[in-house]
Peer 1: 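Sharing a structure below in structure tokens format, with a few things to ask.
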There are 4 protein chains.
Amino acid sequence: MSNVANVAADELRLLIERAERLADEKSGIAEDISDVFKEAKARGFDTKAMKTIIAIRKKEQGKVQEEMTVLETYLSALGMQYAML
Amino acid sequence: MSNVANVAADELRLLIERAERLADEKSGIAEDISDVFKEAKARGFDTKAMKTIIAIRKKEQGKVQEEMTVLETYLSALGMQYAML
Amino acid sequence: MSNVANVAADELRLLIERAERLADEKSGIAEDISDVFKEAKARGFDTKAMKTIIAIRKKEQGKVQEEMTVLETYLSALGMQYAML
Amino acid sequence: MSNVANVAADELRLLIERAERLADEKSGIAEDISDVFKEAKARGFDTKAMKTIIAIRKKEQGKVQEEMTVLETYLSALGMQYAML
DNA sequence: TGGTTCGAAACACGCC
DNA sequence: GGCGTGTTTCGAACCA
């Protein structure tokens with residue numbers, strides 16, 4: 001292999017290793033998050049509800065309303081009482 | 001291989017093939033369902049809302065209320081207005 | 001005019017019911033599959049191993065191409081660099 | 001007493017905020033990874049191929065055992081039948 | 001920006 | 001009834 005090819009291969013290897021290292025960190029954090037929910041569950045919280053709340057907080061304000069409006073519209077169209085929700 | 005072993009192997013093969021055939025059918029239906037939603041989307045419906053509605057209709061009545069109650073409780077605990085939903 | 005008017009209620013209902021009907025069929029098949037494994041188990045087969053076998057058989061469709069692709073992938077990653085040579 | 005009293009509000013808030021903070025960190029890392037690929041792309045590498053390579057490298061940890069298991073799986077599926085021989 | 005593809009998260013099932 | 005596995009679903013990332 002020529003030097004040029006070697007250099008390219010090395011560069012590729014380094015980039016891949018950086019990506020892999022970061023991916024590992026990401027996995028670590030994902031595990032930490034998982035632990036938080038395990039702890040919450042152990043303390044008697046409903047993790048499903050917690051995740052819903054986090055999703056709501058994350059979504060831009062208007063988006064939640066918008067989704068609810070569509071849902072209510074569809075429920076009405078089907079003759080279902082959304083009051084039951 | 002003895003006859004007994006052959007019989008067992010044949011039986012195993014038949015069972016596996018039955019399971020595989022059924023799995024194929026299941027995939028076919030899954031595709032059909034997917035097509036329904038594609039069609040719905042093409043007609044301008046919000047498929048996410050549709051799926052939510054289907055989930056609600058499937059869930060036993062009390063369950064939906066129960067989940068909403070927990071969610072509202074948590075939102076209140078966080079000082080969030082669930083009226084915004 | 002209410003929100004109801006905003007959606008073609010009948011169309012929506014029909015689509016949802018089609019999806020629900022198909023979902024029922026899918027569940028039915030899933031049950032059939034489950035029955036096959038129950039039967040296998042009753043006859044003394046190891047169902048966990050059977051499922052593994054089925055997974056392997058499924059994977060090995062297309063396995064050959066996949067193997068051939070690995071080297072090409074590496075070459076591809078370096079490919080544009082080769083232009084530099 | 002309101003529903004609010006039913007949950008330990010502070011505890012809930014802290015858990016949720018911890019989860020959210022970790023989620024932010026995770027996003028940050030995801031962005032870093034994204035940057036690595038942007039950089040790779042800028043240097044002329046094929047990022048799709050790189051990702052494939054990374055996936056392969058990840059899979060091939062533990063690949064050897066897996067290969068060895070296939071025959072054993074078949075034997076296991078038939079295993080209890082052998083007792084009949 | 002919208003569609004598509006991909007990986008990760010949620011769900012459902014069977015097992016213990 | 002909880003756990004682990006496998007499937008399905010969802011959201012994020014990339015491309016056009």
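To find a chain, count down the sequence lines: A is the first, B the second, and so on, and within it residues start at 1.
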Peer 1: Relative to the 5' end of DNA chain F, which residue comes earlier, B:Ile33 or C:Thr52, by the nucleotide with the nearest heavy atom?
Peer 2: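 Going by which nucleotide is closer to the 5' end, it is C:Thr52.
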Peer 1: Does OP1 or OP2 of F:dC15 have a side-chain N or O of D:Lys48 closer than 4.0 Å?
Peer 2: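 No, outside the criterion.
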Peer 1: Is there side-chain contact between A:Glu67 and A:Lys59, with at least one heavy-atom pair below 4.5 Å?
Peer 2: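 Contact flag for A:Glu67/A:Lys59 side chains = yes.
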Peer 1: Calculate the interatomic distance between B:Glu20 atom CD and F:dG6 atom P; express it in whole Å.
Peer 2: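 Distance, rounded to whole Å: 16 Å.
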Peer 1: Taking atom CD1 of D:Ile16 and atom CG of B:Leu78, what is their separation to the nearest 0.5 Å?
Peer 2: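 That separation rounds to 4.5 Å.
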Peer 1: Check this one for me: any side-chain N or O of D:Lys51 less than 4.0 Å away from OP1 or OP2 of E:dG7?
Peer 2: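 Answer is no, no contact under 4.0 Å.
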Peer 1: Kindly say whether D:Leu12 contributes a backbone atom to a donor-acceptor pair with the side chain of B:Tyr74 at under 3.5 angstrom?
Peer 2: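 Between the backbone of D:Leu12 and the side chain of B:Tyr74 there is no qualifying donor-acceptor contact (under 3.5 Å).
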Peer 1: Whole angstroms only, please: what is the CZ-C1' distance between B:Phe37 and E:dT4?
Peer 2: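 So the two atoms are 19 Å apart, to the nearest Å.
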Peer 1: Within the 4.0 Å heavy-atom criterion, would you say D:Lys41 contacts the bases, only the backbone, or no part of the nucleic acid?
Peer 2: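 Sugar-phosphate contact only.
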Peer 1: Of A:Ser27 and C:Thr47, whose closest DNA chain E nucleotide lies nearer the 5' terminus?
Peer 2: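 That would be A:Ser27.
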Peer 1: When the distance from CD1 of A:Ile54 to P of E:dA10 is rounded to whole Å, what number comes out?
Peer 2: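 Value for this atom pair: 10 Å.
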Peer 1: Let me confirm one number: the NZ-CD1 distance from C:Lys48 to C:Ile53, rounded to the nearest 0.5 Å.
Peer 2: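 Going from NZ on C:Lys48 over to CD1 on C:Ile53, the span is 11.5 Å.
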Peer 1: Distance check needed: E:dA12 P versus B:Glu60 CD, whole Å only.
Peer 2: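 Distance, rounded to whole Å: 10 Å.
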Peer 1: Between P on F:dG6 and NZ on B:Lys26, what's the gap in Å once rounded to a whole number?
Peer 2: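 In whole Å, F:dG6 P lies 13 Å from B:Lys26 NZ.
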Peer 1: Enumerate, atom names and distances included, each donor-acceptor pair closer than 3.5 Å involving a side-chain atom of residues 26-42 of chain C, sequence neighbours excluded.
Peer 2:
{"residue": "C:Ser27", "atom": "OG", "partner": "C:Ala23", "partner atom": "O", "Å": "3.2"}
{"residue": "C:Ser34", "atom": "OG", "partner": "C:Lys38", "partner atom": "NZ", "Å": "3.3"}
{"residue": "C:Glu39", "atom": "OE1", "partner": "B:Arg18", "partner atom": "NH1", "Å": "3.3"}
{"residue": "C:Glu39", "atom": "OE1", "partner": "B:Arg18", "partner atom": "NH2", "Å": "3.2"}
{"residue": "C:Glu39", "atom": "OE2", "partner": "B:Arg18", "partner atom": "NH1", "Å": "3.4"}
{"residue": "C:Glu39", "atom": "OE2", "partner": "C:Arg43", "partner atom": "NH2", "Å": "2.5"}

Peer 1: Choosing from E:dA9, F:dT8, E:dG14, which nucleotide comes nearest the side chain of C:Ser34?
Peer 2: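 Nearest nucleotide to the side chain: E:dG14.
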Peer 1: B:Glu31 has an atom CD; how far is it from atom P of F:dT9, in whole Å?
Peer 2: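 So the two atoms are 13 Å apart, to the nearest Å.
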Peer 1: On DNA chain E, compare the nucleotides closest to D:Ala55 and B:Lys58; which residue's is nearer the 5' end?
Peer 2: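 This one resolves to D:Ala55.
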Peer 1: Please state how far atom CG in C:Asp32 lies from atom P in E:dG14, giving the value in whole angstrom units.
Peer 2: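 Value for this atom pair: 12 Å.
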Peer 1: Which comes earlier along DNA chain F counting from the 5' end, the contact point of A:Lys59 or that of B:Ala30, where each point is its nearest nucleotide?
Peer 2: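 Per heavy-atom nearest nucleotide, the more 5' residue is B:Ala30.
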Peer 1: Please report, rounded to the nearest Å, how far the P atom of E:dA9 is from the CE atom of A:Met50.
Peer 2: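 So the two atoms are 16 Å apart, to the nearest Å.
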